[in-house]
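To start, the structure under review is shown below, and the notes come after it.
As the structure lists them, so they are numbered: ligands from 1, and atoms in each ligand from 1.
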Amino acid sequence: MSAITVQTQPIAGQKPGTSGLRKKTPVFMGPHYLENFIQSIFDVVGAEGKTFVLGGDGRYFNDRAAQVILRMAAANGAARVIVGQGAVLSTPAASHLIRLNKTDGGIIMSASHNPGGPKEDFGVKFNMPNGGPAPEAVTEAMFKRTTEITEYRIVEAQDVDLGTVGRSQLGGMVVDVVDPVSDYAALMESLFDFDKIAAMFAGGFRMRMDSMCAVTGPYAVEILERRLGAAPGTVTHATPLPDFGGMHPDPNPTWAHELMAEMMGPGAPDFGAASDGDGDRNMVVGRGIYVSPSDSLAVLAANAHLAKGYRGGLKGVARSMPTSAASDRVAAALGIASFETPTGWKFFGNLLDAGKATICGEESFGTGSDHVREKDGLWAILLWLNILAVRGESVAEIVQAHWRKFGRNYYSRHDFEAIATDKADAMMAALRASLAGLAGRKLQGMEIAVADDFAYTDPVDGSVSAKQGVRVNFTDGSRIVYRLSGTGTEGATLRVYLERYVAGPEGLDRDAQEALAPVIAAAHELAGIGAHTGKTAPDVVT
Ligand code: G1P
Ligand code: ZN
């Protein structure tokens, strides 16, 4: 077996975004494309003598890409790669293995919640030794490398058997194929009161978990059905498929509509949940009640001490800027710090590493804690179960009691997808140019208090991230945020985040879209969404 050096040349467009490099699968399968990016990763982080974790969400091309990455790791002198059986690892499980084995980082193959298949999306990202996504300086260096690259190294070898757990050798490199679930399940068991949750299931509590034909199927079956005793068949779409069975594995009311229909229908189980392609996102639903991710974060923060892993209390709560302020109110009541970061999980990493925050969340169905350095879908679902088991109340009772205590932040996100990039940019530019004159302007019976373009100074390393989204705050506490997606693969996606606070005790049980109607109208009026984009209604509402 010998390592060869292959001549290559830079390929345009290998710029990783907030979640690594994401492209259409045929692009990744094109000549030298994957290889160039992997070599650029190794050139930046160094591979000689190092140990990495490797796994992905099982989507189309996952298995072939894993073989290429292993051969390149061997040729670049890596000492050892720990790979999930079948080249499968959920993103949070990969983050855990990176940390548990004190490795030098890991490569995760996933395009998260985006559809998979020969014509759909694929992605690769590098996570650091702390288990978290590479920071901007590192991804920028990788990108720079892709613009200069002239050769990559790969060994010529047969495929490694990734179907069987155990150790093998690839050139001078050790390959350890591990069960993707067991270490992760053990971590969950260390954080949550499995005995209490099991007793709840034994008492007749019913749950529906929709794994959306994606990576959490085996994790959810092992943890919920085998270890916690949920009824067999609790987990649906439990077999991961290369094309996710044609599903769009994004756990929100639009894409997880089967789960929504069941939870809102007659005979609904007590609790429903879904997770995304790579298992880091979650949606939770009670019987007859959808829990918005912002509310979920707030409820989890307020009740986390009920689970054994968080009994000592939280150090702080962090949320992304567009996420509602509901969790800030909990932090204030608990007397702990709250943080507002730019969109993207990597900004939480420093806060978690520095012990400033314990729980983090984003409005985009991401919640997690300092147990790993990624958001974690099953973790959130298990924390909810733990809280339900201890409190003995329904989801609706818990959420409504939360609103009565803290008030309610009505919240919704409206996405306008596949807009021509120049039009989206022009709209944002016009909005930014108007910011200075907005204070005092009246819209829909509300008055603008302050408007700005969010900039963040990291409290740990002092780095500054500017232009993170336009915020418009009204005097009555309502808020509109506008930003363009950093993860889309087709044109531009405009995200408009809408929020309105009602202190209660009256007016807490309205439909969110209805309660937000004036804020929605103001958002259209202020930015001229229709005039700029040609779209008067959003494509996805969450
Ligand atoms: C989206 C979400 C963001 C999340 C990211 C990765 O990014 O909005 O909260 O961290 O996916 O899962 P966006 O497309 O908005 O840039
Ligand atoms: Zn994901």
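Atoms of ligand 1 found under 4.0 Å from any heavy atom of Ser364, numbered from 1 in the order shown, are 2 (C), 3 (C), 4 (C), 8 (O), 9 (O). With ligand atoms numbered from 1 in the order given, ligand 1 contributes 13 (P), 14 (O), 16 (O) to contacts under 4.0 Å with heavy atoms of Gly486. Atoms of ligand 1 lying under 4.0 Å from at least one heavy atom of Lys375, given by number and element, are 4 (C), 6 (C), 10 (O), 12 (O). Taking every non-hydrogen atom of Gly344 and a distance limit under 4.0 Å, the qualifying atoms of ligand 1 come out as 10 (O). The atoms of ligand 1 that sit less than 4.0 Å from any heavy atom of Arg483 are 13 (P), 15 (O), 16 (O). Ligand 1 places these atoms under 4.0 Å from at least one heavy atom of Arg413: 8 (O). Shown in contact with Arg495 at under 4.0 Å from a heavy atom are these atoms of ligand 1, numbered in order with element: 8 (O), 13 (P), 14 (O), 15 (O).
Under the 4.0 angstrom criterion for non-hydrogen atoms, Ser112 is not in contact with ligand 1. At a 4.0 Å cut-off, not a single heavy atom of Lys346 sits close enough to ligand 1 to count as contact.
A donor atom on one side chain and an acceptor atom on the other are found under 3.5 Å apart for Asn350 and Asp461. A donor atom on one side chain and an acceptor atom on the other are not found under 3.5 Å apart for Arg479 and Tyr501. For the residue pair Ser369 / Tyr310, a side-chain donor-acceptor distance below 3.5 Å is found, with atom types taken as modelled. In this structure, a donor-acceptor pair under 3.5 Å is present between the side chains of Asn282 and Thr367. Under 3.5 Å, the side chains of Asn127 and Ser95 contain no donor-acceptor pair of N or O atoms.
Atom-to-atom distance recorded for Lys24:NZ and Asp121:CG is 4.0 Å, nearest 0.5 angstrom. Summarising the geometry, atom CZ belonging to Phe192 is positioned 8.5 Å from atom CD1 belonging to Ile387; distances are rounded to the nearest 0.5 Å. In this structure, the separation between OG on Ser90 and CG on Asp280 is 8.0 Å, given to the nearest 0.5 Å.
Distances from the Zn ion (ligand 2) show that Asp57 has no N/O/S atom below 2.8 Å. Distances from the Zn ion (ligand 2) show that Ser112 has an N/O/S atom below 2.8 Å.
Side-chain contact between Phe271 and Trp384 is present, with heavy atoms from C-beta onward closer than 4.5 Å.
On a distance-only criterion, Glu362 and ligand 1 share at least one N/O pair closer than 3.5 Å. For the pair Leu484 and ligand 1, the shortest N or O to N or O distance does not fall below 3.5 Å.
A salt bridge links Glu340 with Arg471: at least one charged nitrogen is closer than 4.0 Å to a carboxylate oxygen. Classification of Glu417 and Lys535 as a salt-bridged pair fails, no side-chain N sitting under 4.0 Å from a carboxylate O.
Residue contacts with ligand 1 for Ser485 involve both N, CA, C or O and side-chain atoms from C-beta outward (heavy atoms, distance under 4.0 Å).
Restricting Asp278 to its N/O/S atoms, the shortest distance to the Zn ion (ligand 2) is reached by OD1. Looking at Asp280, its N, O or S atom nearest to the Zn ion (ligand 2) turns out to be OD1. Counting just the N/O/S atoms of Asp276, the one with the shortest distance to the Zn ion (ligand 2) is named OD2.
Distances from atom 1 (C) of ligand 1 to the heavy atoms of Arg281, Glu374, His113 show the closest one on Arg281.
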